[in-house]
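Beneath this line is the structure, given in C-alpha cells, with notes to follow.
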Amino acid sequence: EVQLVESGGGLAQPGGSLRLSCAASGFTFSYYAMSWVRQAPGKGLEWVSTISPRGSITTYADSVKGRFTISRDNAKNTLYVQLNSLKTEDTAMYYCARCPGASVGSCPRQPDDYSYRGQGSQVTVSS
C-alpha cells in the first residue's frame, strides 16, 4: 500500500523558513518522480514543484521559483521541500504526491490528477 506522510509544517512569519518532509513507503521510492502540490484556503490545488528520481531534474511553479527548493533522499525514502522567504500567500496545506512513473514528464499536468497524495501538512504564514 502506497503511503505518503508529510510533516514539518507550522506557523512562520513573513520572510521566514520552514522545511517539509514526506516519508514514503509501500513502493520503490527511488524509481518515481515526486511532486509537491498545495491548496490555499478556499482555492483549488496548485502544483508547486517536481523532482526526478535521482534529483537531477527539478521544476518549480513561477510563484515559488527562487524561494523553494525540492530535494529527496532515496536512502531514507524521503522527499523534502525547503520553503524560504515565505509570503502570506504561501499559506496552504502542502501535499506530497507520487507521479505515475520515473519521468518528470509522466507527472500529471493538473494537480488534482495525482493518484497518490499524502494527508498534508499545514503551513501558515502570518505576522
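Because the structure is predicted, anything quoted here is derived from the model rather than measured.
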Practice item. For residues 101-119, pull every pair meeting salt bridge (charged side-chain N to carboxylate O under 4.0 Å, His left out), keeping only residues two or more places apart or in separate chains. Key: none
Exercise for review: Walk me through it: do Ser71 and Gln82 pass the test side chain to side chain contact (heavy atoms under 4.5 Å, CB included)?
Suggested key: CA-CA 8 Å; Ser71 62; Gln82 178 70 38; over 6 Å; no
Exercise for review: Tell me, please, which residues at least two apart from Arg67 pass salt bridge (Lys or Arg N to Asp or Glu O under 4.0 Å).
Suggested key: Asp90
**Study point:** Check against side chain to side chain contact (heavy atoms under 4.5 Å, CB included), Gln119 and Val5
**Key:** CA-CA 7 Å; Gln119 85 291 344; Val5 180; 4.2 Å; yes
Review point. Given side chains that start at C-beta, do those of Thr91 and Ser126 come closer than 4.5 Å, heavy atoms only?
Key: no
Could you pull out every donor-acceptor pair under 3.5 Å between side chains of residues 97-106 and any protein atom, sequence neighbours left out?
{"residue": "Ser103", "atom": "OG", "partner": "Gly105", "partner atom": "N", "Å": "3.0"}
{"residue": "Ser106", "atom": "OG", "partner": "Gly101", "partner atom": "N", "Å": "3.2"}
{"residue": "Ser106", "atom": "OG", "partner": "Ser103", "partner atom": "O", "Å": "2.7"}

Point to revise | Co-members of Leu11 in a cluster of I, L, V, M, F, W and Y side chains, linked at under 4.5 Å | key: none
Revision key, fill the gap. Joining Ile, Leu, Val, Met, Phe, Trp and Tyr whenever any side-chain heavy atoms lie under 4.5 Å apart, the cluster holding Leu18 also takes in Val2, Leu4, Leu20, Phe27, Phe29, Tyr31, Tyr32, Met34, Trp36, Val48, Ile51, Tyr60, Val64, Phe68, Ile70, Leu79, Val81, Leu83, Leu86, Tyr94, Tyr116, Val123, Val125
Check your understanding: Say you draw a straight line from CE of Met93 to OG1 of Thr124; how long is it, rounded to the nearest 0.5 Å?
Key -> 8.5 Å
Practice item. Test side chain to side chain contact (heavy atoms under 4.5 Å, CB included) on Tyr80 and Arg19 and set out the steps. Key: CA-CA 7 Å; Tyr80 304 98; Arg19 188 196 197 200; 3.6 Å; yes
**Study point:** From Gln13 atom CD to Ser127 atom OG, the distance as rounded to the nearest 0.5 Å
**Key:** 7.0 Å
Review point. Rounded to the nearest 0.5 Å, how far apart are CD of Glu6 and CD of Gln122?
Key: 11.5 Å
Check your understanding: Quick check: does any side chain N or O of Thr50 sit under 3.5 Å from a backbone N or O of Thr59, one acting as donor and the other as acceptor?
Key -> no
Practice item. For residues Cys107 and Tyr114, determine if any side-chain heavy atom of one lies less than 4.5 Å from a side-chain heavy atom of the other. Key: yes
Exercise for review: Sequence neighbours left out, what passes salt bridge (Lys or Arg N to Asp or Glu O under 4.0 Å) with Lys65? Give chain and number order.
Suggested key: Asp62
Review point. Strictly by modelled atom types, are Asp73 and Thr78 linked by a side-chain donor-acceptor pair under 3.5 Å?
Key: no
Check your understanding: Between Asn74 and Pro53, what is the shortest heavy-atom contact and its length?
Key -> ND2-O, 2.9 Å
Revision key, fill the gap. Output for pair (Ile57 CD1, Ser52 OG), nearest 0.5 Å, gives 4.5 Å
Review point. Passes side chain to side chain contact (heavy atoms under 4.5 Å, CB included), Ser121 versus Ser7? Steps please.
Key: CA-CA 6 Å; Ser121 183; Ser7 61; 5.6 Å; no
Review point. Distance from Lys87 atom NZ to Ser63 atom OG, nearest 0.5 Å?
Key: 8.5 Å
